[in-house]
Amino acid sequence: MKIVILDGYSANPGDLSWEPLKELGTLVVYDRTAPGEVVERAQDAEVVLTNKVQMTAEVIKQLPCLKYIGELATGFNNIDIVAAREQGVVVCNIPAYSTASVAQMVFAHILNITNRIGHYAELNRNGRWSRNPDFVYWDTPLHELAGKTIGIVGLGNIGWKVAIIARDFGMDVFAMTSKNSADLPEGIQKTTLEGLLSVSDILTLHCPLTDSTREMINRETIEKMKSGAILINTGRGPLVNEADVAEALRTGRLGAYGADVMCSEPPSADNPLLSAPNSYITPHIAWATYEARVRLVDIAIGNVKAFCEGNPVNVVNA
């Protein structure tokens, strides 16, 4: 059996090991694969692993040996699962491996915005505190999280974790969720999107990207938010209209935007969010802690082993 990893570098730049896959077959690992190289590289593979490389219907139909596609992530929108099912190809993903890491990034953004640690550390490297006549200085607003209201769009694994952390910070927690109110922990209140927009000092996005959620944050919905509210997006870039968010930051309608995802990755150099005031963009690294990547690789290998044994797990196109 031939196993091909099309874009292994992002998950494993060399500090982890794919070695256990060699026990299952011949392994070929590519750091990156361009769209035009996919069919050639995967031509005689029975197992293909991909993170962001597109496995379209056209590609899948040209791979007669293919039996299994392993997504090296939770989201699998880069794989045409309908075409895979029609061709008898099993598709598996890696659920919940990065929950703690992504929730941590949510609060890294929130705390950076409210406390501006990086800002002050950089000023002090350049002597600002050393020149100060008083024992203290600040040139940005500083805010406690306790008593503030956080609105969470989506209470899956990550949204749930964010809610629990927020509650421990002493925040009032509201969520838009399909879960029943009776099933929510004490201190987490269910509401609608309209409700979240109106009450949230901080709004954080944790829902899937669908036709109904695409650009759910736009000029119209921003106008319904509290003036100066903070928006956090570690979900999917297209959940927001980036031009509208950038404009809201320029006018002060939004207080800040913290995001780990963008509509196009990497973003174009002229993306308005890269130069907008109070816009804090990290390069899609919330999932990339060492601990989360260890889990990712372990689960990816376990998925392939289970498939080879005839009992596939984490199947998304059954």
Side-chain angles (χ1 to χ4, degrees), residues 75 99 102-114 141 143-249 251-261 263 273 278-280 286:
T99 299
V102 177
Q104 179 176 309
M105 178 62 84
V106 170
F107 281 91
H109 273 289
I110 291 172
L111 293 170
N112 174 61
I113 290 165
T114 56
H143 295 287
E144 284 188 348
L145 294 183
K148 299 295 189 296
T149 297
I150 187 169
I152 303 172
V153 181
L155 273 186
N157 291 321
I158 295 171
W160 189 282
K161 183 71 171 179
V162 168
I164 299 304
I165 296 170
R167 190 180 61 178
D168 289 342
F169 265 110
M171 304 184 76
D172 296 323
V173 183
F174 289 79
M176 186 184 86
T177 176
S178 59
K179 292 179 171 63
N180 294 323
S181 296
D183 296 329
L184 301 183
E186 183 179 354
I188 300 176
Q189 302 178 62
K190 179 175 178 175
T191 187
T192 61
L193 178 61
E194 293 282 327
L196 289 186
L197 296 173
S198 65
V199 302
S200 298
D201 299 301
I202 300 171
L203 183 68
T204 181
L205 308 179
H206 301 287
C207 56
L209 178 62
T210 65
D211 290 341
S212 63
T213 62
R214 184 176 296 275
E215 295 193 1
M216 66 188 303
I217 303 301
N218 53 48
R219 187 185 306 275
E220 180 181 346
T221 51
I222 290 170
E223 284 299 317
K224 297 177 181 179
M225 295 175 68
K226 285 186 174 182
S227 180
I230 295 167
L231 176 63
I232 305 294
N233 184 10
T234 59
R236 290 288 184 267
L239 292 173
V240 310
N241 180 302
E242 293 182 336
D244 290 354
V245 171
E247 178 61 23
L249 290 168
T251 63
R253 189 69 185 77
L254 276 179
Y257 182 54
D260 190 56
V261 289
C263 291
L273 284 172
N278 298 315
S279 177
Y280 304 95

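Throughout, numbering of the chain's residues begins at 1 and tracks the sequence.
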So, the side chain of Asp244 versus the backbone of Arg219: is there a donor-acceptor pair under 3.5 Å, distance only? yes
Mind checking the CD1-CE spacing from Ile202 to Met171? Nearest 0.5 Å is all I need. 4.0 Å
Between Asn218 (side chain) and Glu220 (backbone), is there a donor-acceptor pair under 3.5 Å? yes
Donor-acceptor pair, side chain of Thr251 and main chain of Ala248, under 3.5 angstrom: yes
Looking only at non-hydrogen atoms, find the nearest pair between Val240 and Cys263 and report the distance. O-SG, 4.0 Å
Of all heavy-atom pairs between Ala175 and Ile188, which one has the smallest distance, and what is that distance? CB-CG2, 4.3 Å
Taking the side chain as everything from C-beta on, heavy atoms only, tell me whether Val153 gets closer than 4.5 Å to Met216. yes
Approximate separation, where rounding is to 0.5 Å, of Met176 CE and Leu155 CG: 9.5 Å
Verdict with reasoning, Ile164 to Val173, per side-chain contact (heavy atoms from CB on, under 4.5 Å): CA-CA 9 Å; Ile164 299 304; Val173 183; over 6 Å; no
What pair of heavy atoms forms the shortest contact from Ala103 to Ile165, and how long is it? CB-CD1, 4.0 Å
Would a distance-only check, ignoring hydrogens and angles, find a side-chain to backbone donor-acceptor pair under 3.5 Å from Ser279 to Leu273? yes
Given Ile232 and Ile113, is the side-chain contact (heavy atoms from CB on, under 4.5 Å) satisfied, shown in steps? CA-CA 10 Å; Ile232 305 294; Ile113 290 165; 4.1 Å; yes
Can a donor-acceptor pair be found, under 3.5 Å and without considering hydrogens, that links the side chain of Arg236 to the backbone of Leu205? no
Just so I know, are the side chains of Asn233 and Ile217 near enough to count as touching, which here means a heavy-atom distance under 4.5 Å? no
Give, for atom CG of Asp201 and atom OG1 of Thr114, the distance between the pair rounded to the nearest 0.5 Å. 11.5 Å
Rounded to the nearest 0.5 Å, the OG1 atom of Thr210 sits from the CG atom of Leu239 at a distance of 8.5 Å
Whether Asn157 side chain and Thr99 backbone form a donor-acceptor pair below 3.5 Å: no
Testing the basics here: between Lys224 and Glu194, what is the closest heavy-atom pair and its distance to 0.1 Å? NZ-OE2, 2.9 Å
Could you please spell out the steps behind the side-chain contact (heavy atoms from CB on, under 4.5 Å) verdict for Ile110 and Thr204? CA-CA 10 Å; Ile110 291 172; Thr204 181; 5.7 Å; no
Exam field: side chain Thr213 to backbone Pro208, donor-acceptor pair closer than 3.5 Å: yes
Tell me, with the steps shown, if Arg253 and Ser227 meet side-chain contact (heavy atoms from CB on, under 4.5 Å). CA-CA 5 Å; Arg253 189 69 185 77; Ser227 180; 3.6 Å; yes
Hey, could you give me the CG/CZ distance between Leu203 and Phe174, rounded to the nearest 0.5 Å? 13.0 Å
Take atom CD in Glu247; do more than 12 heavy atoms of anything else shown fall under 6.0 Å from it? yes
Please check if the side chain of Lys190 supplies one atom and the backbone of Lys179 the other of a donor-acceptor pair under 3.5 Å. yes
Drop me the distance from Ile222's CD1 to Tyr257's OH, to the nearest 0.5 angstrom. 9.5 Å
Nearest non-hydrogen partners of Ser198 and Lys226, listed with the distance: O-CG, 3.7 Å
What closest approach, in Å, do Asn278 and Gly255 show between heavy atoms, and which atom pair accounts for it? CB-O, 3.3 Å
